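Please read these numbers as outputs of a predicted model, since none were measured by experiment. Chain letters run A, B, ... following the sequence lines, proteins first and then strands; every chain starts at 1.
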Amino acid sequence: MAKKIKTFRPKPRVPKGLRDEMAADVIGQRKMLAAIAHVYELYGFDPLETSGLEYSDAMGKFLPDADRPNQGVFSFQDDDDQWLSLRYDLTAPLARFVAENYDALPKPFRRYQMGPVWRNEKPGPGRYRQFTQVDADTVGTPSMAADAEMCMLMCDAMEAIGIERGDYEVKVNNRKILDGVLERIGLNLEDPDNQVQRLTVLRAIDKLDRLGEEGVERLLGEGRKDESGDYTEGAKLSPEQINAVMSFVRAGNEARSAVCDQLAAIVGESEIGGEGVSELREIDTLLSAAGYGADQVVFDPGIVRGLEYYTGPVWEIDLTFETIGEDDTLARFGSVGSGGRYDGLVERFKGVRVPATGCSIGVSRLYAALKALGKTDESGARGPVVVLVMDASETAGYQTMVQELRKSGIRSELYLGGSGMKAQLKYADRRGASIVVIEGEDEREKGELTLKDLILGSEMSKDIEDNKAWREDQPAQVSVKRADLVSGVRSLLDRYKGNENL
RNA sequence: GCCGCCUUAGCUCACCCGGUUAGAGCGCUAGAUUGUGGAUCUAGAGGUACCCUGUUCAAGUCAGGGAGGCGGUACCA
């Protein structure tokens, strides 16, 4: 008796928080990345590619975060029971790589790396569980010149991909200044009892651009309830402490050196704070000497960034232009990259303190912004020249044509399906092909080919309503001798040179 | 992590108070058109109503749970 066997049919679906990327976006991003890589190499950074997986212990957190010890990482055990994790950024693998090859590497060591990273967390608007980062880091120097260079690098990268000056802004702060301010209000760095409160204060400051001064004040005090009803516990500072922090946050909006003066006054005689201010002054001097003005890099006390390991200057690159989204509201892209100085990273492995500084750019967000600006280059996403199969017994001849085109560097393909001419043209249209090559019996007898310009034909169709006319006109077709296949196709293609997104 | 909204054809969405065979537009396939992508007309294919459990004579519709999507918030290395 044949039993009805239920065949298991998996639902085809991309896993949550992940997505597939189609040709146009793949090509557009590839070009954007190439432009960025070019800038990085100009600066002397060498490319490095590390593995996507690391031993979990090598990627552990660098400082304990009280809130969530080791969440957000995809991990599994291999057959030796070793724990492996997908990398969640490119900096931890760099630290491992440097520690592992420490003696063999030139120091300072400069590398850039681009590639996907994975985070096991809830996806949100514009946030995925796999995304691409581009990092550049200099390991092994305490010099502020390395930090200043990171700022320049990010500016140059923005301009290289077509984001104009004024549409981006690198915002710089220094963790030492933040420490100085906290010290002044009585939250000393050394005292472990202050840790949670210190983190809360820093997080509150970081939210200035989104919540405004009032929201930050609430978070510094009792706490804040948001629209969805969720309550965020505050730092429980006294009114005097809140005032001190707010006056710090309000500094800025002036020339870099003037911001430094303000900050110097706020940190007072705090030693760590003073150190932070003089580091900023040094960066200012270097940037100014290199011609990077206030329209590119500013000092902004509201920048905090991650709380785990930054030890000195920190920065963030923001896109400042506004776009009209699909729902007609103005939208800002905001931060597309960040970085800073992290002097403690390699120490986990080597026991010695190795000063390092770097930056990281988030590719998808940046690409979305480029798209909004209409600055993406998706040419090449255009389909190939398609050679139609009018007579299956002549396939070898058609194949020969395709090879001739390919040898001349023209992207082309033979129609490989089994349908009739109408369907083949539809296919070519769907593929975005600009030209089809037709050799039927009529042409073959005359030793000719018909080349059909699909782009021009599509333009012409706008003015033709009558199907008979549309067909009889055989719009946008030319005949060429069989021997002139390549030159004929090329001269048609040349029409669209430099206008490839038509 | 917390809060809210959502999930029906490839896509965008209907289906009233739970009641027969779940519909439309677009798209797709084909014909009108012997060898021409658009337009027009005609025909056709396409569904486990996200999954599980329950209530009911009866569930796409009601209840509970789960998954996924969207948005806010938290976190963001």
(Q) Has A:Arg175 got a side-chain atom pairing as donor or acceptor with A:Val304's backbone, closer than 3.5 angstrom? (A) yes
Q: Write down the distance separating the P atoms in B:rU33 and B:rG38, rounded off to the nearest Å.
A: 16 Å
Q. OH of A:Tyr310 to CH2 of A:Trp315: how many Å apart, nearest 0.5 Å?
A. 8.5 Å
Q.
For Watson-Crick and G-U wobble pairs within 3.5 Å on both distances, what is RNA chain B written in dot-bracket notation, | included for inter-strand pairing?
A. (((((((..((((.....[...)))).(((((.......))))).....(((((..]....))))))))))))....
Q: Please state the P separation for the pair B:rC28 and B:rG71 - nearest whole angstrom.
A: 29 Å
Q: Measure from the side-chain N and O atoms of A:Arg119 to the backbone N and O of A:Tyr88, and report whether any donor-acceptor pair falls under 3.5 Å.
A: yes
Q: Can you figure out which of B:rG69, B:rA77, B:rC75 approaches the side chain of A:Arg119 most closely?
A: B:rA77
Q | Gap in Å between the two C1' atoms, one belonging to B:rA74 and one to B:rG66, rounded | A | 24 Å
Q) Going from CE on A:Met158 to CG on A:Leu319, what distance comes out if it is rounded to the nearest 0.5 angstrom? A) 6.5 Å
Q. How close or far is atom C1' of B:rC76 from atom CH2 of A:Trp118, stated in whole angstroms?
A. 18 Å
Q) In terms of side-chain heavy atoms, does A:Thr320 have a donor or acceptor partner in A:Asp318 at a distance below 3.5 Å? A) no
(Q) Give me the distance, rounded to whole Å, that separates B:rU8 from B:rG68 when you measure between the C1' atoms they each carry. (A) 15 Å
**Q.** Nucleotide of B:rA77, B:rA74, B:rC75 approaching A:Tyr310 most closely (side-chain heavy atoms)
**A.** B:rA77
Q | Given RNA chain B, 5'-ward residue of the pair A:Leu219 and A:Pro123, judged by closest heavy atom | A | A:Pro123
**Q.** Atom pair distance, as rounded to whole Å: CD in A:Glu121 and C1' in B:rU73
**A.** 14 Å
Q | Integer-rounded Å distance: B:rA74 P and A:Leu199 CG | A | 15 Å
Q.
Strictly under 4.0 angstrom, non-hydrogen atoms only: write out the protein contact profile of nucleotides 27-40 of chain B, one letter per nucleotide from the 5' end, B, S or -.
A. -SS---B-BBBBB-
Q. Can you check the A:Arg305 CZ to B:rC75 C1' distance for me, whole Å?
A. 12 Å
Q.
I need the CG-P distance between A:Asp343 and B:rA77, as an integer number of Å.
A. 17 Å
Q. Between A:Leu18 and A:Leu211, who's closer to the 5' end of RNA chain B by nearest nucleotide?
A. A:Leu18
Q.
With rounding to the closest Å, how many angstrom separate the C1' atoms on B:rC50 and B:rG69?
A. 11 Å
Q: Report which part of the nucleic acid A:Arg19 touches: base, sugar-phosphate, or nothing (heavy-atom distance under 4.0 Å, all strands).
A: nothing
Q) If you look at every strand shown and take non-hydrogen atoms under 4.0 Å, does A:Gly339 touch a base, only sugar-phosphate, or nothing? A) nothing
(Q) Below 30° counts as parallel, above 60° as perpendicular, anything between as tilted: where do the rings of A:Tyr40 and A:Phe45 land? (A) tilted
**Q.** Pairwise P distance for B:rC57 and B:rG25, with rounding to whole Å
**A.** 39 Å
Q | Whole-Å distance separating the CG atom of A:Leu202 from the P atom of B:rA77 | A | 12 Å
Q. What distance, rounded to whole Å, do you find between the two C1' atoms, one in B:rG18 and one in B:rG54?
A. 15 Å
Q) Quantified in whole Å, what is the P atom distance between nucleotide B:rG47 and nucleotide B:rA9? A) 10 Å
**Q.** Pair A:Arg341 + A:Asp343: basic N to acidic O under 4.0 Å
**A.** yes
Q) When rounded to the nearest 0.5 angstrom, what is the spacing between CG in A:Leu405 and OG1 in A:Thr400? A) 11.0 Å
**Q.** Whole angstrom value for the distance that separates P of B:rC76 from CZ of A:Arg127
**A.** 10 Å
Q: Looking only at non-hydrogen atoms, find the nearest pair between A:Asp135 and A:Ile361 and report the distance.
A: OD1-N, 4.4 Å
Q: Please report, rounded to the nearest Å, how far the C1' atom of B:rG72 is from the NZ atom of A:Lys207.
A: 14 Å
Q) For A:Gln113, which residues count as a side-chain contact (heavy atoms from CB on, under 4.5 Å) partner, sequence neighbours excluded? A) A:Leu48, A:Thr50, A:Arg87, A:Leu90, A:Arg111
Q | Anti/syn call for B:rC17, syn if |chi| within 90° | A | syn
(Q) I need the minimum non-hydrogen distance between A:Gly344 and A:Arg353, along with the two atoms involved. (A) CA-NH1, 4.1 Å
